[in-house]
**Q** 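Can you keep this structure in mind? I'll have questions shortly.
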Amino acid sequence: MLRKILIEPDPILRKKCDPLENVDTTTKKLMDDMLETMYSAPGIGLAAVQIGILKRIVVIDIAKGEEKKNPLFLVNPEIMHRSKKTSVYEEGCLSLPEQFAEIERPAECTLKYLDYNGKEKQLKADGLLATCIQHEVDHLNGILFIDYLSKLKKDMIIKKLVKKKKETERVIV
Ligand code: ZN
């Protein structure tokens, strides 16, 4: 089932999400919905908070266009190590439509998480995946990529989003 993605500014996107005790069928159904919503958007990552659910759940798939789908489900992801070396990617976000900015983050990270079946896993990521994981884990702590920009740039983006929200709410009869 497709879910509605929350758009900044929205106070829910600023909330800290709660860990799950285990992965049950409700969690799996939610992860299926999140993946479907992310593919349909389309995007390469989605955190549960972006559809209004304050749980520490993330779905990611960085496979491009024709490549075979390769979904990654992260429950309670915890980054245990970040490299000193950094990399820069132009980031966007499904909660900040059509807004992009270059963000510098640690180039590699190691994390532990529970997978789709609730099994404990570890993963060492680099490149785009490392950036994507850090972007999504930030969501679970109420952090958006615009928080890394200067106040001026951040305010400009928020202003544009507010304007766009008003336009979509406008009804002419
Ligand atoms: Zn995002």
Side-chain angles (χ1 to χ4, degrees), residues 3 5-8 12-20 23 27-28 30-51 53-150 153-154 157:
R3 308 281 193 119
I5 297 174
L6 302 179
I7 307 296
E8 170 77 352
I12 294 173
L13 291 171
R14 297 311 191 163
K15 298 246 194 289
K16 201 171 161 27
C17 301
D18 299 320
L20 281 82
V23 180
T27 313
K28 285 181 184 172
L30 173 63
M31 289 194 282
D32 294 342
D33 283 358
M34 285 171 63
L35 196 69
E36 193 188 338
T37 305
M38 181 189 84
Y39 283 146
S40 143
I44 60 168
L46 186 74
V49 60
Q50 292 179 275
I51 55 164
I53 291 162
L54 296 172
K55 296 277 181 211
R56 303 186 82 81
I57 308 172
V58 163
V59 296
I60 289 174
D61 192 341
I62 59 164
K64 290 196 187 80
E66 299 297 295
E67 285 172 27
K68 195 175 168 285
K69 286 194 175 13
N70 186 23
L72 182 63
F73 300 92
L74 307 175
V75 176
N76 300 341
E78 214 178 298
I79 296 176
M80 298 182 299
H81 179 78
R82 293 174 163 87
S83 65
K84 283 206 177 70
K85 202 182 112 203
T86 60
S87 61
V88 176
Y89 278 93
E90 188 175 46
E91 293 188 26
C93 178
L94 292 175
S95 294
L96 295 118
E98 290 159 54
Q99 308 305 317
F100 301 93
E102 286 193 337
I103 305 292
E104 185 177 13
R105 297 184 187 267
E108 291 167 19
C109 64
T110 309
L111 74 155
K112 60 173 185 183
Y113 62 97
L114 301 179
D115 71 4
Y116 190 83
N117 296 307
K119 223 176 124 197
E120 269 187 52
K121 290 270 178 78
Q122 279 201 24
L123 174 69
K124 190 172 182 218
D126 59 12
L128 177 62
L129 183 60
T131 284
C132 190
I133 287 170
Q134 292 173 74
H135 175 122
E136 298 308 328
V137 171
D138 272 355
H139 272 301
L140 306 180
N141 298 316
I143 299 165
L144 299 174
F145 79 79
I146 50 171
D147 298 350
Y148 297 104
L149 303 175
S150 67
K153 277 190 190 163
K154 180 178 167 176
I157 289 180

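Predicted model only: the values in this text are computed from it and were never measured.
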**Q** Quick one: do Arg14 and Glu8 make a salt bridge, cutoff under 4.0 Å?
**A** yes
**Q** Does some side-chain heavy atom of Ile51 sit less than 4.5 Å from a side-chain heavy atom of Leu30?
**A** yes
**Q** Any side-chain heavy atom of Tyr89 within less than 4.5 Å of one from Cys132?
**A**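 Result no, sub-4.5 Å side-chain heavy-atom pair not found.
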**Q** Roughly how far apart are Leu111 CG and Glu136 CD, rounded to 0.5 Å?
**A** 12.0 Å
**Q** If only atom types and distance count, is the side chain of Gln99 paired as donor or acceptor with the main-chain N or O of Pro97 below 3.5 Å?
**A**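 Yes, because the side chain of Gln99 sits within donor-acceptor range (under 3.5 Å) of the backbone of Pro97.
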**Q** For the atom pair CZ (Arg105) and OG (Ser83), what is the distance rounded to the nearest 0.5 Å?
**A**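 That separation rounds to 12.5 Å.
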**Q** Any non-hydrogen side-chain atom of Ser87 less than 4.5 Å from a side-chain atom of Thr131?
**A**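 Of all side-chain heavy-atom pairs linking Thr131 with Ser87, at least one is under 4.5 Å.
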**Q** Against Ile60, only a single residue in Leu35, Leu128, Asn70, Ile133 fulfils side chain to side chain contact (heavy atoms under 4.5 Å, CB included); can you say which?
**A** Ile133
**Q** Between Asp138 and Asp147, is a side-chain contact (heavy atoms from CB on, under 4.5 Å) present by the stated rule, with each step listed?
**A** CA-CA 10 Å; Asp138 272 355; Asp147 298 350; over 6 Å; no
**Q** For Leu140, does its backbone N or O pair with a side-chain atom of Arg56 as donor and acceptor, under 3.5 Å?
**A** yes
**Q** For Gln122 and Thr110, which heavy atoms make the closest approach, and how far apart are they?
**A**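 Looking at all heavy atoms of both residues, the shortest contact is OE1-CG2, 4.4 Å.
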**Q** For the backbone of Val88 and the side chain of Glu102, can you confirm whether one donor and one acceptor N or O come within less than 3.5 Å of each other?
**A**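 No, the answer is negative, given that no donor and acceptor are paired below the 3.5 Å cut-off.
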**Q** Can you measure from NE2 (His139) to CG (Asn141) and round to the nearest 0.5 angstrom?
**A**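 Atom-to-atom, His139:NE2 and Asn141:CG are 11.0 Å apart.
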**Q** Just wondering, are more than 12 heavy atoms of other shown residues or ligands nearer than 6.0 Å to CD in Glu67?
**A**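 Correct, the count exceeds 12.
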**Q** Can you measure from NZ (Lys28) to CG (Asn117) and round to the nearest 0.5 angstrom?
**A**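 The CG atom of Asn117 is 4.5 Å from NZ of Lys28, to the nearest 0.5 Å.
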**Q** Give me the atom names and distance for the closest heavy-atom approach of Ala130 to Glu108.
**A** CB-CA, 4.2 Å
**Q** Enter the distance from Ile103:CD1 to Phe145:CZ here, rounded to the nearest 0.5 Å.
**A**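 Separation between the atoms: 6.0 Å.
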**Q** Less than 4.5 Å apart, side chain to side chain, heavy atoms only: is that true for Leu20 and Leu114?
**A** no
**Q** Give me the atom names and distance for the closest heavy-atom approach of Leu54 to Lys15.
**A**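 Shortest heavy-atom contact: CD2-CB, 3.7 Å.
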**Q** Would you name the heavy atoms of Leu94 and Gly45 that are closest together and state the gap between them?
**A** CD1-O, 3.9 Å
**Q** Is the closest basic N to carboxylate O distance between Glu120 and Lys112 below 4.0 Å?
**A**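 No, this pair does not count.
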**Q** Would Tyr148 and Ile143 count as a side-chain contact (heavy atoms from CB on, under 4.5 Å) here? Give the steps.
**A** CA-CA 9 Å; Tyr148 297 104; Ile143 299 165; 4.1 Å; yes
**Q** Quick check: do Arg3 and Met34 have side-chain heavy atoms less than 4.5 Å from each other?
**A**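 Of all side-chain heavy-atom pairs linking Met34 with Arg3, none is under 4.5 Å.
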**Q** Quick one: does any side-chain atom of Asp61 pair with a main-chain N or O of Ala63 as donor and acceptor, under 3.5 Å?
**A** yes
**Q** Between Glu36 and Asp32, is there a donor-acceptor pair closer than 3.5 Å when you use the side chain of the first and the backbone of the second?
**A**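 No, the answer is negative, given that no donor and acceptor are paired below the 3.5 Å cut-off.
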**Q** Run the side-chain contact (heavy atoms from CB on, under 4.5 Å) check on Lys69 and Tyr39 step by step: do they pass?
**A** CA-CA 10 Å; Lys69 286 194 175 13; Tyr39 283 146; 3.5 Å; yes
**Q** Once rounded to the nearest 0.5 Å, what's the spacing between atom CG of Asn76 and atom SG of Cys17?
**A** 11.0 Å
**Q** Taking C-beta and beyond as the side chain, do Met31 and Val23 meet within less than 4.5 Å on heavy atoms?
**A** yes
**Q** Between Thr86 and Glu104, is there a donor-acceptor pair closer than 3.5 Å when you use the side chain of the first and the backbone of the second?
**A**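 No, because the side chain of Thr86 does not come within donor-acceptor range (under 3.5 Å) of the backbone of Glu104.
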